[in-house]
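Working notes for the structure below.
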Amino acid sequence: MRRYPLPATMMSIAIALFPAVASSTGPAASAQEGKRHFIRCAACHSTNAADRSATGPHLNGIVGRAAASLPHFAYASELRGQDFKWSPARLDAFLESPRTTHPGMCPTFNGLAKAEHRAALIAYLQQPAD
């Protein structure tokens with residue numbers, strides 16, 4: 001079953017009405033918050049490995065995966081030939097400013113300025129796919 005995130009205005013109302021739920025801590029809460037931030041990625045990426053690649057490759061299992069390593073995706077020249085694995089720290093730097101870490105990639109994504117938003121998104125990407 002595919003679940004769709006609440007629009008930001010509805011989420012704001014839910015947080016205002018149920019602050020105890022919004023202030024819950026731990027990995028599950030962080031990953032759930034990250035799912036909300038994934039909306040910025042969903043136009044080009046999926047979290048389901050079975051989905052057909054769109055503009056970008058699927059991000060299922062991205063943490064720990066070697067750069068440009070999916071066999072059926074034509075990666076940008078900026079990433080091909082790079083010798084690294086996507087660690088949480090590397091993803092954090094990329095998500096903060098993709099144009100700084102990998103110029104030419106993700107032209108429509110400007111990054112996530114808040115560290116807590118990046119941490120939540122990375123926590124979501126580390127979860128098993130829906």
Side-chain angles (χ1 to χ4, degrees):
M1 170 188 263
R2 179 168 255 173
R3 289 180 229 131
Y4 297 95
L6 289 173
T9 53
M10 290 179 71
M11 187 58 74
S12 298
I13 292 168
I15 289 170
L17 293 174
F18 307 103
V21 173
S23 65
S24 63
T25 59
S30 182
Q32 189 62 28
E33 172 78 12
K35 187 173 185 176
R36 285 187 28 234
H37 294 293
F38 186 75
I39 194 80
R40 293 176 175 99
C41 313
C44 299
H45 298 279
S46 170
T47 56
N48 187 337
D51 287 349
R52 185 170 185 232
S53 291
T55 304
H58 73 76
L59 299 179
N60 181 281
I62 185 72
V63 177
R65 185 166 73 205
S69 62
L70 292 178
H72 302 312
F73 186 78
Y75 288 92
S77 59
E78 294 83 7
L79 202 54
R80 283 190 308 255
Q82 295 288 316
D83 186 25
F84 67 85
K85 289 188 178 186
W86 286 106
S87 67
R90 187 173 288 272
L91 278 169
D92 182 62
F94 177 77
L95 291 170
E96 182 178 18
S97 181
R99 291 187 180 109
T100 300
T101 60
H102 294 89
M105 287 181 52
C106 299
T108 60
F109 178 63
N110 295 322
L112 292 171
K114 294 185 178 181
E116 62 269 18
H117 294 175
R118 295 190 307 272
L121 179 56
I122 292 166
Y124 173 66
L125 293 173
Q126 288 178 309
Q127 299 294 306
D130 289 342

*For Leu79 and Ala68, which heavy atoms make the closest approach, and how far apart are they?*
O-CB, 3.8 Å
_Please report the interatomic distance CG(Leu59) to CG(Leu70), rounded to the nearest 0.5 Å._
9.0 Å
*Which value, rounded to the nearest 0.5 Å, describes the distance between Cys106 atom SG and Arg40 atom CZ?*
13.5 Å
_Set of side-chain contact (heavy atoms from CB on, under 4.5 Å) partners for Ser69, sequence neighbours left out_ = Arg65, Ala66
*Might you point out which heavy atoms bring Ser46 and Asp51 nearest each other, and give the distance in Å?*
OG-OD2, 2.6 Å
*Does Asp92 have any side-chain contact (heavy atoms from CB on, under 4.5 Å) partners at least two apart in sequence or in another chain, and if so, which?*
Arg118, Ile122
*asked:* Could you check whether any side-chain N or O of His45 sits under 3.5 Å from a backbone N or O of His58, counting only pairs where one atom can act as donor and the other as acceptor?
replied: no
*Rounded to the nearest 0.5 Å, what's the gap from CD on Glu33 to CD on Glu116? Could you check?*
8.5 Å
*Out of curiosity, Trp86 CH2 to Leu125 CG, how far, rounded to the nearest 0.5 Å?*
11.0 Å
*Looking only at heavy atoms, which two atoms of Ala119 and Ser30 are closest? And how far apart?*
O-OG, 4.2 Å
*With a 4.5 Å heavy-atom cut-off, do Cys44 and Phe109 have their side chains touching?*
no
*asked:* Checking Thr100 now: which residues fulfil side-chain hydrogen bond (donor to acceptor under 3.5 Å, both in side chains) with it, not counting sequence neighbours?
replied: Ser97
*With respect to His117, which candidate in His37, Arg36, Glu96 satisfies the side-chain contact (heavy atoms from CB on, under 4.5 Å) definition?*
His37
